[in-house]
There are 2 protein chains.
Amino acid sequence: MKEFKRVTLQDVAKEAKVSYASVSAVLNGKDGKSIRVAQKTKELILECAARLGYVPNMAARKLKNGTNSLIAVFTYEQIFPVESENEYYRFFVGIQETAEKLGYDILILNNRPTEENSSRIVLADGAVMMGVNRDDKGIERLVKANYPLVFVGRREVSDVSTHWVTFDYQKVIAQMVDHLNDLCSARTLVYVESQEQEREPRKDKRRFLLEAAQSLGLEVLIVQADERNMLSLEAFGLIEQCKVVVFDRLFLLEPFERLLERKGLKLGSDIWGAVLEDDWMGSHEHWTRWSNQRLELGSLAVEYLSHLLQKETLEQLETLTPLYLVISESSAFPK
Amino acid sequence: MKEFKRVTLQDVAKEAKVSYASVSAVLNGKDGKSIRVAQKTKELILECAARLGYVPNMAARKLKNGTNSLIAVFTYEQIFPVESENEYYRFFVGIQETAEKLGYDILILNNRPTEENSSRIVLADGAVMMGVNRDDKGIERLVKANYPLVFVGRREVSDVSTHWVTFDYQKVIAQMVDHLNDLCSARTLVYVESQEQEREPRKDKRRFLLEAAQSLGLEVLIVQADERNMLSLEAFGLIEQCKVVVFDRLFLLEPFERLLERKGLKLGSDIWGAVLEDDWMGSHEHWTRWSNQRLELGSLAVEYLSHLLQKETLEQLETLTPLYLVISESSAFPK
DNA sequence: CTGAAAGCGCTTACAG
DNA sequence: CTGAAAGCGCTTACAG
């Protein structure tokens, strides 16, 4: 078997009998700056490069330049999920489209959780990270070293400031609470939370909900679903009394609807409800929620990263993607 | 905004007040070979590296070593398809599992068709390519330069030998034809082909079918579906006469079944049929086909690549993944 | 046991 | 207009 012998600039230079500086200049279209090459030499060089099958060595280029127009997309979730609607799909589409538009290629590092991961990420000029990170020392180290890393969704790393873009939860949650308040005269609403690990987005959503309710003089009762995402009888009793319920996660809805059915209650007339997510699973259209802007957020993440990479000022860069309230049967106005 | 200042070996060496050769040795566990470092120095170095947040520069390492234990997975298809069952999913799982087992990380290059792509691939030590390649000059160049590239599915590149793994179509097709022959007394079968571009796997399947039929003294009539994957009336008439039909692609089956229904014919009793694919879409269980061994083939591709990379002999390496005939209603024996 | 030095392939400021 | 040279960060054979 023949070896993979890389054709280098040197080889091309020898073949064309010129210095390799000229070859580099021609092949990178840098002709005209500090280096100038005669038209004939140029053609000769291009011909030789093609004939020998020259493939530039990205590793060397990256080492010398510090950049390679590659951005890493990183997630700790499974990348190729079997589920029809991958939670990250729309983010990724936005990332991909925008990266292409801005002239970046994309490098997807498939998760193999190791300390080494960080050095792999660093092959790229910067990275976009989707999903909930485990408490990873490698990532933390990168952030602390000021590696250009943009999180999709707000993330904190102790002691250092992080770069992130996220949804404008505050505004849409205020609208949602307004709407629920208009809908019925109850002075109390029940907020049902899942048992998921406490992360920044979840904290944010709860805070915004409480603030919005307070500004309208509404009381909020917070209850937790159990590990099977079910409500206790007491919790359900509260909801029956208050008539208005807000869930933090989509997957809490189905168990709740089963419960409603068993009690003979009807969503949207006996009980009003909403959920603090978009309908990314495509199967909760009858719930009041917000619009799916995941593509837009992915896109924004890349724009933000691009600013970082070009050392442009971030002052006037927006970091929030607006969300739109989608009012549906679960909290529709009575006809 | 602070710059991303990379912490280098030099920085660590300065901090620990040792030469950077020692740092390199310690950090790579190479202590003991041509370089030996005292236990105390070792601990000091590790402590300094951790404190400064040293992240090895993969680009430099790759440039020096020529390897970085990264393999690229490359495909021209959309990588994050919305469809529930991605055609490449099972291949990818096999690739991923085996790469992990053999100590490789995986780098997914998202397709942006450019000449530059080839230099991006070459960041990795080798590559596995899934799916039908367009006639890409970059890929051709890599193959000609002996870059370690394994195709999933047989692929030819003019003038040079390629590395590929594929399914053992020959054996399973022979079994399938045997089965169809046992099933009914017809001496002729109809082979329906799609209008897809002619590629190696398709040529192979056709050839194996013809050979298998010939060895049993069966005649094969080849017909083409139209651009909407429909059969002409004449073609359908032939099938009605011969009673046995084989399709090359899954997507031809639904239009055919609609036609059958319209004619009041029943698959598996009036007409027998089979398809030269596995049921990767999960919705053709009632068709005689072969088993889905995509995971196994992805796995094999990585094993093959690993042999290439370690310059082991390829002599005794199997390149075929066996397929198993799955007999189903479309050609079941009458009860 | 430790350090100085060469070299991987490239880019670019600089000298001729 | 063209070439020689330094240097990006790393590894490793070799000298001390």
Side-chain angles (χ1 to χ4, degrees), chain A residues 3-45 49 52-69 116 118-120 122-123 125 145, chain B residues 3-45 49 52-69 116 118-120 122-123 125 145:
Chain A
E3 275 288 303
F4 171 47
K5 182 62 189 67
R6 181 162 250 143
V7 178
T8 69
L9 271 188
Q10 290 253 31
D11 299 329
V12 178
K14 255 182 229 155
E15 183 77 10
K17 296 183 177 35
V18 298
S19 83
Y20 53 93
S22 311
V23 179
S24 172
V26 169
L27 261 31
N28 292 304
K30 286 278 169 56
D31 177 32
K33 264 192 75 182
S34 84
I35 291 195
R36 221 167 303 173
V37 184
Q39 184 61 27
K40 284 190 73 170
T41 322
K42 210 164 167 176
E43 280 161 18
L44 177 65
I45 288 171
L52 296 179
Y54 172 70
V55 177
N57 186 331
M58 285 299 299
R61 203 177 257 184
K62 166 81 179 169
L63 182 59
K64 180 62 187 163
N65 281 349
T67 73
N68 57 3
S69 293
E116 292 260 298
S118 47
S119 61
R120 242 118 229 174
V122 166
L123 260 181
D125 293 347
Chain B
E3 275 288 303
F4 171 48
K5 183 60 190 66
R6 182 162 248 143
V7 177
T8 70
L9 271 187
Q10 291 252 31
D11 299 330
V12 177
K14 255 182 229 154
E15 182 78 10
K17 296 183 175 40
V18 298
S19 83
Y20 53 93
S22 311
V23 179
S24 171
V26 169
L27 260 31
N28 292 302
K30 285 280 169 54
D31 178 33
K33 264 192 77 182
S34 84
I35 290 195
R36 220 166 303 171
V37 185
Q39 184 61 27
K40 283 191 75 168
T41 322
K42 210 163 166 176
E43 281 161 16
L44 176 65
I45 289 171
L52 297 180
Y54 172 70
V55 177
N57 185 331
M58 285 298 300
R61 204 177 255 183
K62 167 81 179 169
L63 182 58
K64 179 64 186 158
N65 279 349
T67 74
N68 56 6
S69 293
E116 292 259 299
S118 47
S119 62
R120 242 119 228 176
V122 167
L123 261 182
D125 294 345

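Each chain gets a letter, A, B and so on, in the order its sequence line appears, and its residues count up from 1.
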>> If you assign B:T41 and A:T8 each to the DNA chain C nucleotide with the nearest heavy atom, which residue ends up on the more 5' nucleotide?
In response: B:T41
>> Assuming nearest nucleotide by heavy-atom distance, tell me which of B:V18 and A:N57 is located more 5' along DNA chain C.
In response: B:V18
> What nucleotide among C:dC10, D:dC10, D:dG3 has an atom nearest to a side-chain atom of A:K64?
Replying inline: C:dC10
Give the rounded distance in Å between these two atoms: [atom1] of [X] and [atom2] of [N].
X     : N      : atom1 : atom2 : answer
B:R61 : C:dC10 : CZ    : P     : 21 Å
A:Q10 : C:dT11 : CD    : C1'   : 13 Å
A:I45 : D:dT2  : CD1   : C1'   : 10 Å
B:L9  : D:dG9  : CG    : P     : 10 Å
A:L44 : D:dT2  : CG    : C1'   : 14 Å
A:N65 : D:dA6  : CG    : C1'   : 15 Å
A:L63 : C:dG7  : CG    : P     : 17 Å
A:K17 : D:dT2  : NZ    : C1'   : 17 Å

>> Which residue in the set A:T67, A:N57, A:D125 passes side-chain contact (heavy atoms from CB on, under 4.5 Å) when paired with A:K62?
In response: A:D125
> Quick one: does B:S69's side chain get under 4.5 Å of A:R120's, heavy atoms only?
Replying inline: yes
> Considering all heavy atoms of both residues, which atom of A:S119 and which atom of B:P56 are nearest to each other, and what is their separation?
Replying inline: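 The pair with the smallest heavy-atom distance is CB-O, 3.4 Å.
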> Are OP1 or OP2 of C:dT2 and a side-chain N or O of B:S22 less than 4.0 angstrom apart?
Replying inline: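 For B:S22, the contact criterion (side-chain N or O under 4.0 Å from OP1 or OP2 of C:dT2) is not met.
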> Watson-Crick or G-U wobble partner for D:dC14, using a 3.5 Å limit on both distances?
Replying inline: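 Partner of D:dC14: C:dG3.
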> Which value, rounded to the nearest 0.5 Å, describes the distance between B:K64 atom NZ and A:L63 atom CG?
Replying inline: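 Going from the NZ atom of B:K64 to the CG atom of A:L63 covers 12.0 Å.
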